[in-house]
Amino acid sequence: MKNFDFALLGARAVQYRLVIMLVAVAVFGGLSLDDFLTVNTLQSVLDRATVVGFLALGLTPVLIAGQIDLSIGSMMSMAGITTIFMQPVIGNVPAAAAGVAVGILIGAVNALMVVVFKINSLVATLATLLIFASLALLLTNSYPLSSEDPIFGLPLTADFLWILTPRSAIFLIAAVLMFVWLKLTPTGRNLYAVGSDASAATSSGINANGYIAASFVLSGFFAGLAGMMQSLSTAAGSPVAGAVMLIPAITAVVIGGTRLEGGRGSSLATLGGVLALGALTTALEYNGVPSYTQAIYTGLLLILLISLDRIVSGHGGASSRAQRSVRVAPRNTPLPRRNA
Amino acid sequence: TAADTDTASGDAGSVEGKSICYVTLANSHPYVTPANEGAQAAADAAGVELTIVSEEFSAQTGAEQLNSCVSRGVDGILLWPADENSYLPGLLKAEQAGIPVVAIDTRAGDESMELIKSFAGADKYDQGKISAQQLDGALDSTGGIVVIAGQAGNGTEIARSGGFLDELESMGSGLEILATVNADFDQQKALVASRDLITKFGDQIKGVYAQDDTMAKGFLQALEESGLDFVPVVVGINGEAGAFDNIREGKQFSTILQPPFRNGELAIETLIAVMKGETVPEMVPLENTIVDSSNVDDLEPAL
Amino acid sequence: MTTESTPAVALRMTGITKSFPGVMALQDVDLEINEGEVHAIVGENGAGKSTLMKILAGFYQPDKGEIEVGGRKAIHWTPREARSRGIGMIYQELNLVPDLSVAENISLGAMPTRGPFVDYRAMNAKADAVLRELDTDIDPGTRLGDLSISQQQLVEIAKVVARQPNVVVFDEPTSSLGDKETRVLFDVITKMRDRGIAIIYISHRLQEVMEIGDRVTVLRDGRHIETRDVAGITPDEMVSLMVGRDLNEMFPKFDLGLGEQVLAIEGASRAGQFDNVTLDVRKHEIVGLAGLVGSGRTEVARALFGLDPLEEGTITLAGKVLKIRSPRQAVAAGIALVPEDRKGQGIIPGLSVRENFTLPVITRITNALLIFLGKERKIVTELADRLKVNPPQVERPLNVFSGGNQQKVVLGKWLLSEPKLLILDEPTRGVDVGAKADIHHIIGEFAQDGGGVLMISSELPELLAVCDRIFVLHEGVIAAEISRADATEESVMRAATGQEVAA
Amino acid sequence: MNQLVAPARSLDKSTTPGALFSTLSIPIAILVLVVIGSVASPSFLTVNNLTNVLNANSAVGLIALGMTFVMVSGGLADLSVPANVAMGALVTLGAQESMGTGLAALMGLLVASMGGVVNGILIGYLRINPIIATLGTGSVLLGLSQLLVGGGIVYAQPSALSTFVKSSILGIPVFIWIFIFVALILHPLLARTSFGRWSLAVGGNYQAAQASAVPVRFTKAAAFAMTGFLAGLCGVLLALSNGQARPIIGTGYEFVAITAVVIGGTSVFGGNGSVLRTVGGVLITALIGNLIILLGFPSQATGLITGAIVLGAVGIDAYFRRKAGRL
Ligand SMILES: Nc1ncnc2c1ncn2[C@@H]1O[C@H](COP(=O)(O)OP(=O)(O)OP(=O)(O)O)[C@@H](O)[C@H]1O
Ligand SMILES: Nc1ncnc2c1ncn2[C@@H]1O[C@H](COP(=O)(O)OP(=O)(O)OP(=O)(O)O)[C@@H](O)[C@H]1O
Ligand SMILES: [Mg+2]
Ligand SMILES: [Mg+2]
């Protein structure tokens, strides 16, 4: 019985991990710093979370569809340099649109590789990661471009509605919209079906390839958005801007509870993961914890959460795609006893 | 020079208990770490509270940390720019909030520098220029050279490449760049690339511009392996202990010494002076000391 | 409604030809299905039944041939198009999404909406209605993955029924159902037929075809052999049409003197699965383990093999008491298990027949370091020969072989390990008559050579014919031990359904 | 020699264009690159340059050899490689003074292997997704390695071992010998031993392998432990030959290794693959790097070319598989 209680506790811990983490960070930050629980800090945590947030948000449907996109950082760099480069050529707003369009375009390339050429997404996006990171350097001759109109993007990070800035507001709205889409609309539900079991979804008349392709394009869109916002708000388009973004984005999504195996996840969980990670980073930074020590903490947190998840959900749960094609009910479900 | 700023730390009373936010380039790096230690030492000496946050070589992260420092309402900010432009919005915010910003080690872009009260450090663009002069002089302005550059897109790489190329051009140098490779400030990568360069160009390589001593070492290793017995003029930067040895042995022509610990101290002292309302020069230089066979025995390696 | 004399044609396939690299799967096949009939399709493994159905469902494009549904020609035939034209498919393998709810699964691909949003209320109501029609009380809100296999099978059927199709294809629907579920299914099929729906029913169990079918079409080697009224054909005739020859004896039975005890299980329990199971197997003996689906047969087998270790009770093998915690220990002790889920637990698809054969015993044909490849090849070729693996190319990856041959390989791999006890869980599920006879033969030989066999099967006739003794499980408890002499379909079923055992 | 090489998995079906492609793609790719090189640059076909090619990726190639087992056994990829390389290098140089070079190198290997063992436990025994698990351990280990040196560089002291590592035997650098040596052990390990057969089976169908008495968890864990060890070896060798080490020493090596394995044609899904083909993949990536410099392309183009080759090779392979109806 004791064992059972422990398991239940673990299950609850996993279920409410975001709340627990956010509260823990708030308590830790509040106790160790005088100025942590202030409007200013909240605003800055939210604002800082935005860029990784967009990337993580874009990654969410991809992971739900059972795929992975390693190229988000490269897409972001490409979008950023496009935006800044195009500013003097076609004007500020069209240039921003062009940046996002570049993200979408590369997303479409990923979709093409995965859906049409049937290359495993891990390999395909590793290749596009290399290709577009390299292209970004070649196009700019490795030099960050500086904006001709540095003032244009500044309002993005200005004060706006209490703890928000315009870009963090857009991020929050995007996360909520995505939540509504994923949970409440048929296409959203179909995406889960595709990630959970693509062949079953196909046989129900769902165009699984279409959904997978769309998820990559969407990821491109969000990476484009991230690159565009980042470049405008820093008034610079750096070819290496996205190079360090992949790991925090994946970490945030996974901490939120979306699984790499597909079929599960939510954009609000991702939002939570992004915020928890962002708040933790800020709290640690303010305490003067060196970045490598922070890396140790986040790494341990990641391992802890996923191990806990694993242990709580039982060893019977399949851990890979191939294993889940064995369509059996989890062994720990009670036996049906219907013949009275 | 140093004398200007020594006075800054003289009257510590007025800044005691104030807070400084220091956006550093990295926590773990041969040059940056001692600089951070120097900054910490100077802050401790002045009794100010120093929070060090590391952008881990990412200007994007740094820009966000800068914003975050501003919104914390600290009394002064020390910034290590990872590229020229990305900090402009944060600098504007700091200006609005009345928080003085001083840059360390690397210059930001011109527009950004207008919002930065002072710059304390060796000028990396200048280092590129010095390297160009060294090579040009040693080779009498003729012959082929190879450039082993750092990580593409990295701020230091950009400054050292820029200064080097601009100076060659303005000198009207006759040096011919045979090839440029990026070896990411990594000895192994420099080694692998240099083997190929030596194979391709052999003794056409009269000179080598390595953007740090680690990569210079990689080149020398490749040269040694090749068994060829020509001696190109190898110019490095950073003043590493290994480079001192190589200069003594005549394998390397020169390096540029910039003491990191002192760089950190100097930057904090400058910032404190600004916070006190003293006027400081636009640039507080950390001397770029050229180390070659003539003075190698008189100097201490920086790292 | 159609008149009795001239039934309307619901579906017509003409001249369907389909080849895969190296295989002519279908050759000029015609098929005509009437409204309101149950049309059975039978044929050996690899005869092309599933391929024909996948073409009907739009998953494969035929190389040649035409499909006509409800009198209209099918063009641009995709799964989506097929579905919208009223074709419903129920596959042998479940086609459900474990991470969505039952109701979402039932409405998958066509969720009711209100505005842009899913209308969950309408969706649950619809699911509820269909599930009730199928006589189950599954909650539409449950996550599908949390249901048992047979419940999932019912959801699969509900999903198709809910779309109100004109033509429903059942491709071996009963292979994972027990008798009770099969009854429910047959009731549903009869109801659908009476509403004028055309049913295509594929099964290797000819008894079922006799019971539920109106007409039957026999395929052999990708060709249409014959279509007949079920009333005018016997199972034996069907078999000879399927194989093109007469099978002399389907269940060979050797008469063997029984030897000493190989296996004894005493008081074995696993909470929620089986309780206080006591049974034994002797040398030369084939012991059956019967029961309804969910009675715990597979669980007993898995526990014996160390996949889910026992919580209580003892296992004695050849006089030695064993503690078995993993398949490795089981194999080392001399136990082998041919699992019921061949694709999931039986075969390694990408490895060759040779590599599959020797997997459990690979350490035995290895010197200190390396595998003896020559020896391995020799052993494997002989074994493939003995088991009549077809085609006899042991270097080909196993996934290109037909189901029956894959099953032979799984069986063969365990024979190689020379076990004392061979556990077989549904060894002939989804296997055609020819291969089935081969498999029975192999089992018989194994027993003859002194092994003990514990065999689980949902096909009672098979158990009755093959086994020396039958233990019957009912809700995880041994309800009866029946000797060969007393074993009849009736006595076993009574015990399996929990009625008192006839004296 | 021939006895050591198992019959290629694909030879018996070499009648189809797909099988032909997957058998011959690597030799052909190498040939094409060699032809391009010899046409484009007179220095390409020199002993020196060919030694350079072999030498270029022999350190990171060690990791690719280990990564082959990770992928074959269905473990996707080990992203903690850079951390283990750094651990191997830093521990060796850090401990050199107190315990002598030989012991210190062993110590470095041990620590890196322990990183691999932790990965193995998380992935093999706890069955955590390998991408997440190695991301996590990589983050922790790299953090630890930086904590270890506080920053900065660790310098080596001159030692017989480092002189040996830098030397050549029979005109061929020791690095290459080590790579060949490890490849010669690992190739038969995958193709000819029980462990290799287990790896293929575990990657092909985990549950079936488990039910066939294969020690599935051990097999999977061992692949990661081995990769950890080889990453450590790579770090130790680099530290000794470079005479110094920094935490960034292995940055990007995980991608180079994955790329080499994937170009070699090992499936990311697991269940097939060969060490010999990975050696081919390592050669191809080395040739690309070499040619970029010899042809005077900007080094930033490396990613572009490598990525394109990966897409091309894997795409064509997938195309043929699909045509053969097996995907
Ligand atoms: N995708 C495919 N690629 C290659 N060959 C195939 C493919 N699908 C089926 N075949 C081959 O086509 C033939 C017909 O197979 P099919 O699955 O239709 O048989 P079946 O009658 O349904 O058999 P079973 O009773 O075992 O289900 C077989 O020889 C099979 O190996
Ligand atoms: N692989 C599995 N995973 C989870 N639950 C299972 C699995 N196999 C069977 N079950 C469920 O466990 C219970 C006991 O099933 P078991 O397989 O032992 O029965 P069985 O008599 O062997 O029936 P079957 O004919 O399905 O093999 C049933 O409710 C069944 O649905
Ligand atoms: Mg079939
Ligand atoms: Mg069963």
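Every chain is numbered from 1, with letters handed out A, B, ... down the list of sequences.
Atom CD1 of residue D/I316 and atom CZ of residue A/F117 lie 9.5 Å apart, to the nearest 0.5 angstrom. Taken to the nearest 0.5 Å, the OG1 atom of A/T128 stands 11.5 Å off from the CG atom of D/L304.
Here the side chains of D/T302 and A/S134 are not in contact, with every heavy-atom distance at 4.5 Å or above. At least one side-chain heavy atom of A/L129 sits less than 4.5 Å from a side-chain heavy atom of D/F255. Looking only at side-chain heavy atoms (C-beta outward), A/L122 and D/L76 come within less than 4.5 Å of each other. Contact annotation: the side chain of A/L130 never approaches that of D/V310 to less than 4.5 Å [non-hydrogen atoms, C-beta and beyond].
Most heavy-atom pairs under 4.5 Å with chain D, from the set A/L135, A/L70, A/N141, A/N120: that is A/N120. Ranked by heavy-atom pairs under 4.5 Å with chain D, the first of A/L304, A/I250, A/T251, A/I119 is A/I119. For the set A/V116, A/L138, A/L126, the count of heavy-atom pairs under 4.5 angstrom toward chain D peaks at A/L138. When each of A/I68, A/I306, A/I296 is scored by its heavy-atom pairs under 4.5 Å with chain D, the top score falls to A/I296. Listed options D/L79, D/T306, D/L135, D/V262 were ranked by heavy-atom pairs under 4.5 angstrom with chain A; first place goes to D/L135.
Minimum heavy-atom separation, D/S139 to A/T298: OG-OG1, 4.4 Å. The shortest non-hydrogen separation linking D/I131 to A/L260 is CB-CD2, 3.7 Å. Here the closest heavy-atom approach between residue D/Q300 and residue A/L137 is recorded as CG-CB, 3.7 Å. The shortest heavy-atom contact between D/L126 and A/S307 is CD1-OG, 4.1 Å. Of all heavy-atom pairs between A/A127 and D/G307, the closest is CB-O, 3.6 Å. Across all their heavy atoms, D/N129 and A/E261 have their closest contact at ND2-OE2, 3.2 Å.
The part of A/T293 that comes within reach of chain D is its side chain, from C-beta onward, which places non-hydrogen atoms under 4.5 angstrom from that chain. Heavy atoms of D/T137 lying under 4.5 Å from chain A belong to its backbone as well as its side chain. Both the backbone and the side chain of D/I132 have a heavy atom closer than 4.5 Å to some heavy atom of chain A.
The side-chain contact (heavy atoms from CB on, under 4.5 Å) test with D/V140 singles out one residue from A/L302, A/L301, A/L300, and that residue is A/L300.
For A/I247, the CD1 atom sits in a loose shell: 12 or fewer heavy atoms of surrounding residues, nucleotides or ligands are nearer than 6.0 Å.
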